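Note that this is a predicted model, so its numbers are computed, not measured. Atom set for the values below is all heavy atoms of this structure, side chains included, hydrogens, waters and symmetry mates excluded.
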Amino acid sequence: MADRQRPLPLTETLVFDIVEYLLTHNGYGYSTEISSYMVERKPRRYTSREVVGILRNRPMFRHAQSKDRRGGIRWRLDLLQLERYFAQKGYQERANEQGIYDSMRELKLSQITKTINALESMDTSNINEVYENIATLWS
C-alpha cells in the first residue's frame, strides 16, 4: 500500500509510459515514433531527449534488428529484463495494477505462437525465409 501512496519519480513514470507503448505495438518501436508519441501525449512533462535517454539507459530496452531506418533506431522490449527491473525497483504491484503483467503474458504467447507457426511451415526450400522470420521476431 505504501507504494500506491508515493508518486513515481518522473523518469520512472516515463519508463512505465514507454513500456505501455511498446506493449501495445507488439514489443517494438522506432525511437522517433516513441518519442513523438510521448511528447504529444504529455508535452509539458517529457522532451524527446529524455525519451531517447531512457531508451538507451534502461536494461529492458534493446536495439532490434531492422533493415529499415525510417524512424531512427528500432527498439524492442526485453520482457525478462523488465520483470527483473520491476522486482529490483519494487514496482510489481504498480505494474500489476496497470495490467502490464497481463500484456506481457499476451505478448509472450503471441511471439511463441508466431515462432511455432514459422517452424511448422519450414521446409528445406525456404529455410532462409523461416530463419529471417524467427530472427526478426526474437531480435
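Residues L22 and I34 form a side-chain contact, since some pair of their non-hydrogen atoms from C-beta on lies under 4.5 Å apart. Inter-residue side-chain proximity for R62 and W75 is flagged as unmet; no heavy-atom pair is nearer than 4.5 Å. S36 has its side chain out of reach of E33: every pair of non-hydrogen atoms, C-beta onward, lies at least 4.5 Å apart. F61 has its side chain out of reach of D78: every pair of non-hydrogen atoms, C-beta onward, lies at least 4.5 Å apart. Between V15 and T11, the closest side-chain pair of non-hydrogen atoms is not below 4.5 Å. Inter-residue side-chain proximity for F16 and R94 is flagged as met; some heavy-atom pair is nearer than 4.5 Å. Between M104 and E83 the shortest side-chain heavy-atom distance falls below 4.5 Å.
Between R41 atom CZ and D17 atom CG the span is 4.5 Å, to the nearest 0.5 Å. In this structure, CG on L14 lies 4.0 Å from CD1 on I18, to the nearest 0.5 angstrom. For the atom pair M60 CE and R84 CZ, the distance stands at 11.0 Å (nearest 0.5 Å). Residue I73 holds its CD1 atom at 9.0 Å from CG of L55, rounded to the nearest 0.5 Å. Residue T13 holds its OG1 atom at 4.5 Å from CG of L8, rounded to the nearest 0.5 Å. Atom CG of residue L79 and atom CD1 of residue I100 lie 11.0 Å apart, to the nearest 0.5 angstrom.
V52 and L10 are not part of a single hydrophobic cluster, where members link through side-chain heavy atoms under 4.5 Å apart.
Annotation: ring-ring contact (aromatic ring centres under 6.0 Å, His included) contacts of Y21 (sequence neighbours excluded): H25, Y37. Residues passing the side chain to side chain donor-acceptor pair (under 3.5 Å) test with D102 are R105, sequence neighbours excluded.
In this structure, Y85 and R58 approach most closely via the heavy-atom pair OH-NE, 3.1 Å. Between G72 and S31, the shortest heavy-atom contact is CA-OG, 3.6 Å. Heavy-atom minimum distance, Q111 versus N26: NE2-O, 4.2 Å. Minimum interatomic distance between T47 and E50 (heavy atoms only, all atoms of both residues): N-OE1, 2.8 Å. Considering all non-hydrogen atoms of both residues, Q92 and F86 come closest at OE1-O, 3.6 Å.
In this structure, the side chain of S103 does not engage the main chain of L23 through any donor-acceptor pair within 3.5 Å.
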(message) Using side chain to side chain donor-acceptor pair (under 3.5 Å), reason through R74 and Y28 one step at a time and then give a plain yes or no.
(response) CA-CA 7 Å; R74 186 173 187 225; Y28 293 92; 5.3 Å; no
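When the shell of 6.0 Å around CZ of R56 is examined, it contains 12 or fewer heavy atoms from other residues, nucleotides or ligands.
Residues E106 and Y101 bring no donor and acceptor atom of their side chains to less than 3.5 Å of each other.
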